Amino acid sequence: MGEFFESIPAVRYEGPKSQNPFAFKFYNRDEVVAGKPMKEHLKFAMAWWHTLCAGGTDMFGSETMDKSFGAAPGTMEHARAKADAGFELMEKLGIEYFCFHDLDLAPEGATLQETQRRLDEIGDYILGKMERYPVKCLWGTANLFGHPRYMNGAASCDSPEIFCYTAAQVKRTLDLTVKLGGSAYVFWGGREGYDTLLNTDMKLEQDNIARLFHMAVDYGRSIGFQGDFLIEPKPKEPMKHQYDFDAATAIGFLRQYGLEGDFKLNLEANHATLAGHTFQHELRTAAINGMLGSIDANEGDMLLGWDTDEFPCDGYAATLCMYEILKSGGLRGGLNFDAKTRRASNTPEDLFHGFILGMDTFALGLRKAAALIEDGRLDEFVQKRYAGYTEGIGKKIVSGQTDLRELAALAQGLEGFRPAPGEREYLEGILNQVLFSGE
């Protein structure tokens with residue numbers, strides 16, 4: 001304890017009146033909400049990349065954060081130091097899961113063989129730490145966007161040679177995910193898209209992405225991987241137009257290529273913003289299609305047009321997120337903090353404050369979402385609003401027992417009919433009443 005974060009104590013729950021900056025105000029891991037302890041609803045995960053790798057760079061400035069952890073970056077000593085720091089951080093915060101890209105864990109070597117050897121070595125090291133700490137791997141993924149070889153895409157690249165390299169990287173990352181006991185494997189197609197259609201064969205590119213996915217499923221199942229494969233939708237950045245634009249687009253892609261039996265979605269709040277949706281919309285879209293897998297818990301800045309990956313602080317949005325999750329029966333996966341502190345929040349203390357903020361925000365959202373469901377007025381309103389489809393001609397429409405001729409005949413004389421009001425303002429008042437009463 002304390003080798004990298006000596007000045008920071010283990011974080012405990014002290015309640016909403018606490019002024020201790022290193023205490024949870026809302027996240028009480030063993031508190032039962034909606035029939036389960038908070039820690040079972042909220043399977044928080046540390047993102048290896050932002051937490052242990054990101055140094056605060058932006059388009060106009062160099063690193064402001066020291067993520068060396070006492071070792072020279074780009075070395076296996078540094079890879080081990082990052083693992084040591086990550087497990088210490090997770091222990092102090094009570095986080096039980098982590099997520100990784102392959103190249104977060106170990107630096108890329110001069111050859112593919114050297115890279116794979118390094119991944120084997122660090123995988124053994126992390127596995128040893130997992131035997132001593134109550135920490136699990138939530139999911140793994142391959143970095144198929146950072147290296148210049150992927151400038152034209154990975155599976156969607158115009159070069160079969162790059163497709164081969166992509167396949168090799170996916171294969172080894174699947175091996176590592178299984179080795180670490182990961183419950184899911186994620187594809188984020190950051191370079192799987194286009195900047196201009198003038199030089200793009202869109203059909204071939206999408207067909208090739210699907211071919212890679214089928215190969216990954218076949219290989220994963222052959223080595224004993226029983227978890228979900230996940231697509232993480234994002235509309236743009238780094239490509240101008242990415243093929244997994246949003247939840248609906250990704251679901252259509254999976255069904256078109258016969259992948260829906262093995263794949264679900266990993267949804268990110270900030271990506272929903274970039275697609276012009278609320279996170280609630282993306283969650284509902286996935287849930288009603290049986291595709292809700294896991295989520296990346298963060299938020300964006302409404303005044304900025306890029307993916308800022310901020311630690312979540314919006315209790316309103318977190319409540320609506322957890323409302324969708326509870327209404328859908330719970331989350332198959334977990335809540336990965338794909339989030340980073342701001343460039344000027346560059347100390348280890350700031351990093352812990354970010355996690356405390358995010359964990360408290362979702363704990364508050366869970367409590368308030370459960371209270372909304374228990375209150376019942378939203379459900380009651382929706383049921384009454386669509387009650388016409390439970391009887392008479394509405395019931396016949398839903399059951400498929402009518403046709404255009406009958407409906408056209410019934411429409412005679414309905415010119416003056418108006419539906420009931422939507423009462424949005426009344427419903428938002430209920431939301432505010434539940435959200436801001438009590439705590």
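Nothing here was measured: the structure is a model prediction, and the numbers come from that model. Just so it is clear, the values below take in all heavy atoms, side chains as well, and ignore hydrogens, waters and symmetry mates.
By the 6.0 Å contact criterion, CG on L404 is open, its count of non-hydrogen atoms from other residues, nucleotides or ligands being 12 or less. For R284, the CZ atom counts as loosely surrounded, since its 6.0 Å shell holds 12 or fewer non-hydrogen atoms of other residues, nucleotides or ligands. Atom OH of Y386 has 12 or fewer heavy atoms from other residues, nucleotides or ligands within 6.0 Å. Annotation for M202: atom CE counts as buried by contact number, over 12 foreign heavy atoms lying within 6.0 Å.
Between the side chain of R29 and the backbone N or O of G94, at least one donor-acceptor pair lies under 3.5 Å. In this structure, the side chain of H101 does not engage the main chain of L103 through any donor-acceptor pair within 3.5 Å. With K67 contributing its side chain and T51 its backbone, the two residues share a donor-acceptor pair below 3.5 Å. No donor-acceptor pair closer than 3.5 Å links the side chain of R172 to the backbone N or O of A168. With hydrogens and angles disregarded, no donor-acceptor distance shorter than 3.5 Å links the side chain of N346 to the backbone of R343. Not one N or O on the side chain of E282 forms a donor-acceptor pair closer than 3.5 Å with the backbone of A269. Listed for the E88 side chain is a donor-acceptor partner under 3.5 Å among the backbone atoms of F4. When atom types are taken as modelled, the side chain of T361 and the backbone of P312 share a donor-acceptor pair closer than 3.5 angstrom. Listed for the K25 side chain is no donor-acceptor partner under 3.5 Å among the backbone atoms of L364. A donor-acceptor pair is defined here as one N or O able to donate and one able to accept, closer than 3.5 Å; no such pair exists between the side chain of S156 and the backbone of E205.
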For this session: Could you please spell out the steps behind the ring pair (Phe, Tyr, Trp, His ring centres under 6.0 Å) verdict for H353 and F22?
Result: CA-CA 7 Å; H353 292 157; F22 295 106; 4.9 Å; yes

Exercise. What do the steps show when you test D175 against K179 for salt bridge (charged side-chain N to carboxylate O under 4.0 Å, His left out), and what is the final call?
Worked result: CA-CA 6 Å; D175 290 335; K179 180 177 186 176; over 6 Å; no

Exercise. For D350 and R342, what are the C-alpha separation, side-chain angles and deciding distance, and is it a salt bridge (charged side-chain N to carboxylate O under 4.0 Å, His left out)?
Worked result: CA-CA 9 Å; D350 289 318; R342 299 303 86 199; over 6 Å; no

For this session: May I have the step-by-step check of side-chain contact (heavy atoms from CB on, under 4.5 Å) for Y125 and K129, ending in yes or no?
Result: CA-CA 7 Å; Y125 188 78; K129 298 194 77 67; 3.8 Å; yes

For this session: Using the salt bridge (charged side-chain N to carboxylate O under 4.0 Å, His left out) rule, take K234 and D244 through it: C-alpha gap first, then chi angles, then the decisive distance, then the call.
Result: CA-CA 6 Å; K234 188 179 183 182; D244 299 327; over 6 Å; no

Exercise. Going through the checks in order, is the side-chain contact (heavy atoms from CB on, under 4.5 Å) test met by L42 and L366?
Worked result: CA-CA 8 Å; L42 303 171; L366 171 64; 4.0 Å; yes

For this session: In sequence, state the C-alpha distance, the side-chain angles, and the governing distance for T341 and M65, and then conclude on side-chain contact (heavy atoms from CB on, under 4.5 Å).
Result: CA-CA 10 Å; T341 56; M65 306 172 191; 3.4 Å; yes

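Between Y150 and F145, the ring center distance fails the sub-6.0 Å criterion. No close placement of the F362 and H41 rings is indicated, their centers lying 6.0 Å or farther apart. The ring of F213 has its center no closer than 6.0 angstrom to the ring center of F229.
A salt bridge links E406 with K396; the closest basic N to acidic carboxylate O contact falls under 4.0 Å.
Within the 4.5 Å cutoff, the side chain of R424 has no heavy atoms near those of the Y426 side chain. Counting heavy atoms from C-beta on, the side chains of L431 and L320 come closer than 4.5 Å. In this structure, the side chains of P233 and F245 stay at 4.5 Å or more apart for every pair of heavy atoms. You'll find the side chain of V170 reaches within 4.5 Å of the side chain of Y185, heavy atoms only. K92 is listed as a side-chain neighbour of F352, based on a closest heavy-atom distance under 4.5 Å. Side-chain contact between F187 and N266: absent, with no pair of heavy atoms (C-beta onward) separated by less than 4.5 Å. S294 has its side chain out of reach of R332: every pair of non-hydrogen atoms, C-beta onward, lies at least 4.5 Å apart. Side-chain contact between L267 and D296 is absent, with no heavy-atom pair separated by less than 4.5 Å.
Scanning all heavy atoms of the two residues, the minimum distance from N336 to A45 falls at OD1-O, 3.5 Å. Across L331 and I325, no two heavy atoms sit closer than the pair N-CG2, 3.8 Å. Of all heavy-atom pairs between G153 and I162, the closest is O-CG2, 3.8 Å. Closest heavy-atom contact between N270 and N298: N-OD1, 3.1 Å. The two residues R367 and M38 have their closest heavy-atom pair at NE-CE, 3.2 Å. When every heavy atom of T285 is checked against every heavy atom of A247, the shortest pair comes out as CG2-CB, 4.1 Å.
With hydrogens and angles left out, the side-chain atoms of W49 and D338 include a donor and acceptor closer than 3.5 Å. Under 3.5 Å, the side chains of D360 and Y13 contain no donor-acceptor pair of N or O atoms. Judged by distance alone, the side chains of N143 and D102 never bring a donor and an acceptor atom under 3.5 Å apart. A donor-acceptor contact under 3.5 angstrom links the side chains of Q433 and R377, judged on distance only. With no hydrogens or angles considered, a side-chain donor-acceptor pair links E310 and T308 at under 3.5 Å. Side-chain polar atoms of T57 and E63 form no donor-acceptor pair below 3.5 angstrom.
Counting only residues at least two apart or on different chains, the salt bridge (charged side-chain N to carboxylate O under 4.0 Å, His left out) pairs with a member in residues 35-47 are D30-K39. Among residue pairs with one or both ends in residues 259-269, those qualifying as salt bridge (charged side-chain N to carboxylate O under 4.0 Å, His left out) are R221-D262; sequence neighbours excluded.
Here the straight-line distance linking atom CG of D201 with atom OH of Y194 works out to 12.5 Å at 0.5 Å rounding. A distance of 12.0 Å separates CD of E374 from CG of D379, quoted to the nearest 0.5 Å. Separating the OH atom in Y27 from the CE atom in M359 is a distance of 5.0 Å, to the nearest 0.5 Å. Interatomic distance, CG of D84 versus CD1 of I126, reported as 10.0 Å (0.5 Å rounding). Considering CZ of R385 and CG of L427, their distance stands at 9.0 Å, rounded to 0.5 Å. Here the straight-line distance linking atom OH of Y323 with atom CD1 of I373 works out to 6.0 Å at 0.5 Å rounding.
When F337, F24, F98 are each tested for a ring-ring contact (aromatic ring centres under 6.0 Å, His included) with F44, only one passes: F337.
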Output a table of donor-acceptor pairs, distance under 3.5 Å, between side-chain atoms of residues 248-259 and any protein atom two or more places apart or on a different chain; print 'none' if there are none.
residue	atom	partner	partner atom	Å
T249	OG1	D246	OD1	2.6
R255	NH1	N289	OD1	3.1
R255	NH2	N289	OD1	3.1
Y257	OH	D207	OD1	2.6

